[in-house]
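Just below is one structure, and these are the notes that go with it.
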Amino acid sequence: MLYIRADGNTEIGMGHVMRCLSVAEAAADIAPAYPPVFITADEGCRTMIEDRGFRVIVLNTDYSDMMGEFPVIERVLREQPDKDRPVVLVDSYQAGREYYLALQKLAKVACFEDMGLAYPVDLLINYNIYAPALEGQYIAPTNRRDKEPNQAWSEETNREWDIEQNLKGRTKGQYPKKVLLGARYAPLRKAFQEAAEYTVRDKVTDVIITTGGSDPHFAAGAFANVLCSDTMIAEQGIHLHIISGPFNRFADVLKRRYQCDIVREWQDHKIAQSCNSVVPITIHENVKDMRSLFLQSDVVITATGSTIYEVSSLGVPMIVFYFAENQRQGAEALGAFTDIVNAGCFAAEQDAVANNMKEALKRCIIDKEYRKYLHRQERVLVDGQGARRIAEQLMAVSKTDSGNQQQKMPVLDTDSGRR
């Protein structure tokens with residue numbers, strides 16, 4: 001049985017739950033008789049998960065205190081009628097080494113990881129495009145007594161010594177047994193797993209602003225302000241589409257600020273349209289078909305996270321920004337590997353990021369060839385099969401002998417090859 005431990009709320013948004021739902025659906029397709037079961041700290045995302053057809057066990061604990069919840073999740077796992085040892089996929093930045101070591105005593109453990117931390121799990125997944133560059137941080141050091149590098153060692157041995165120093169005191173048995181690295185493991189939602197036909201249009205008319213499930217710093221408001229006050233943007237006849245996530249506490253503020261008084265159903269969700277804004281604004285809530293909305297747009301302005309891979313799968317030109325440190329590497333990698341503009345950290349430099357975003361959008365407006373170039377670059381980043389690949393690896397973990405000892409080095413599966 002596969003259990004998925006993930007949370008979603010106003011503080012952390014819905015990214016963890018959404019990517020886990022993609023994996024859960026893929027796993028259910030592989031083994032329909034054994035659909036995954038979600039475990040959450042609270043009721044915050046229960047309805048969303050159940051609407052997708054999965055059972056949810058609510059622990060009634062604090063999502064930020066993972067060790068505090070452990071007696072509860074231990075009881076839950078021991079009470080489940082499974083004869084085989086379960087597999088638990090954990091997706092939480094709050095989980096640390098102590099939590100994973102404790103959980104290993106109850107189940108085989110897998111986790112999503114973004115920062116290059118080698119957790120003691122059976123399967124570690126980092127699907128970001130920068131992940132292959134972190135390969136060395138997931139490799140356990142060799143068991144040598146030497147304390148200093150030696151010129152007589154081979155280049156490879158000295159490289160392993162450098163890795164050992166970077167691991168800073170981790171000991172044998174605390175490393176992932178298998179690691180999946182790179183964007184080929186990006187767990188896209190089903191809608192984004194299908195091939196899409198997208199044509200870069202001559203003129204930019206529709207621009208999407210999406211800030212994640214919660215928009216903790218009200219980036220959508222700042223971006224809308226700077227774009228509405230720009231003469232060139234107004235003269236181009238740009239229509240802004242703001243995606244308001246399920247935990248966006250600024251949704252009503254947006255509607256009042258831009259006098260979005262015309263509320264109606266559109267396609268599969270509710271929209272609120274502005275009456276008097278210089279730049280037309282439509283606020284979209286409870287969107288169920290993001291794929292169609294993206295395909296109707298000319299540029300997507302998005303926070304980094306799973307959305308960048310969904311947009312890339314379609315090839316819609318995009319501009320990115322980020323809120324937190326765990327998103328920084330993704331934004332910087334996109335800026336380094338492609339011509340996508342990384343506008344910066346909105347939480348740290350709101351005005352600068354808003355202006356960077358505006359200038360990047362202006363370039364998109366005036367330069368169709370640039371947008372076509374972004375389209376081509378994005379389409380090669382992902383192939384939409386990451387969720388299935390992860391689900392297959394989770395199934396493989398469930399079949400392995402639980403008595404196996406920790407390998408000296410993990411099995412690495414990356415975009416650049418396998419070890």
Side-chain angles (χ1 to χ4, degrees), residues 1-25 27-28 34-82 84-115 117 119-125 174 176 187 212-216 245-249 305-306 323-327 390 394 397-398:
M1 175 66 77
L2 172 62
Y3 296 90
I4 298 178
R5 175 68 189 88
D7 294 302
N9 54 47
T10 56
E11 298 298 321
I12 61 175
M14 290 301 296
H16 299 283
V17 170
M18 295 306 293
R19 64 187 182 185
C20 285
L21 279 167
S22 297
V23 174
E25 289 177 340
Y34 303 97
V37 175
F38 279 77
I39 302 175
T40 66
D42 51 49
E43 300 278 351
C45 55
R46 179 174 190 161
T47 300
M48 175 178 286
I49 297 170
E50 289 180 339
D51 285 347
R52 300 280 283 273
F54 296 100
R55 178 186 167 211
V56 181
I57 299 173
V58 178
L59 301 178
N60 294 310
T61 55
D62 179 355
Y63 84 93
S64 65
D65 183 9
M66 296 293 281
M67 282 309 298
E69 81 174 28
F70 194 79
V72 186
I73 196 172
E74 179 179 18
R75 184 169 65 250
V76 166
L77 292 175
R78 291 192 185 281
E79 289 175 353
Q80 298 307 305
D82 301 320
D84 296 327
R85 199 173 186 212
V87 176
V88 180
L89 170 62
V90 180
D91 190 354
S92 173
Y93 294 133
Q94 315 302 321
R97 187 180 71 88
E98 185 180 5
Y99 182 84
Y100 288 120
L101 286 173
L103 195 58
Q104 281 273 16
K105 298 176 182 178
L106 304 172
K108 298 173 184 178
V109 184
C111 75
F112 280 110
E113 204 287 314
D114 297 331
M115 305 296 289
L117 301 175
Y119 287 123
V121 295
D122 297 279
L123 179 68
L124 184 148
I125 307 132
Q174 295 180 5
S214 61
D215 194 5
F247 295 122
N248 184 3
R249 62 180 182 270
S306 296
F323 290 120
E325 176 62 22
N326 63 284
Q327 299 174 322
I390 293 172
L394 289 169
V397 167
S398 71

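- From I125, atom CD1 reaches atom CG of L123 across 4.5 Å, with rounding to the nearest 0.5 Å.
- Note that CD1 of I12 is 8.0 Å distant from SG of C45, once rounded to the nearest 0.5 Å.
- At least one side-chain heavy atom of F323 sits less than 4.5 Å from a side-chain heavy atom of D215.
- Judged purely by atom type and a 3.5 angstrom limit, D91 has no side-chain atom pairing as donor or acceptor with the backbone of A6.
- A salt bridge (Lys or Arg N to Asp or Glu O under 4.0 Å) check over residues 65-76, counting only residues at least two apart or in different chains, returns the pairs R5-E69, E74-R78.
- At a threshold of 4.5 Å between non-hydrogen side-chain atoms, the residues L103 and L77 count as touching.
- For the atom pair Y3 OH and I57 CD1, the distance stands at 6.0 Å (nearest 0.5 Å).
- Minimum interatomic distance between F247 and G44 (heavy atoms only, all atoms of both residues): CZ-O, 3.4 Å.
- Smallest separation of non-hydrogen atoms from R55 and Q80: NH1-OE1, 3.6 Å.
- To the nearest 0.5 Å, atom CZ of residue R85 and atom CG of residue D122 are 7.0 Å apart.
- Nearest approach of G8 to V17, heavy atoms of both residues: N-CG2, 3.7 Å.
- A side-chain donor-acceptor contact under 3.5 Å links K108 to the backbone of S398.
- Remark: L89 CG to I390 CD1 distance equals 8.0 Å, nearest 0.5 Å.
- A 4.5 Å side-chain heavy-atom check between M18 and S306 finds every atom pair outside the cut-off.
- For L124 against L117, the heavy-atom pair with the smallest separation is CD1-O, 3.5 Å.
- Taking each heavy atom of M14 and P246 in turn, the nearest pair found is CG-CG, 3.7 Å.
- Partners of R249 according to the salt bridge (Lys or Arg N to Asp or Glu O under 4.0 Å) rule, which considers only residues two or more places apart in sequence or in another chain, do not exist here.
- Atoms CD1 and CG, on I4 and L21 in that order, are 7.5 Å from each other to the nearest 0.5 Å.
- The ring of Y93 has its center closer than 6.0 angstrom to the ring center of H16.
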**OP:** Would you sort out whether Y99 and V109 count as a side-chain contact (heavy atoms from CB on, under 4.5 Å), showing the intermediate values?
**Re:** CA-CA 11 Å; Y99 182 84; V109 184; over 6 Å; no

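- Distance alone, capped at 3.5 Å, is enough to place a donor-acceptor pair between the S22 side chain and the P187 backbone.
- Surrounding CD of E98 are at most 12 heavy atoms belonging to other residues, nucleotides or ligands under 6.0 Å away.
- Counting heavy-atom neighbours within 6.0 Å of D51 CG, excluding the residue itself, gives a total above 12.
- Minimum heavy-atom separation, Q104 to P120: NE2-O, 3.0 Å.
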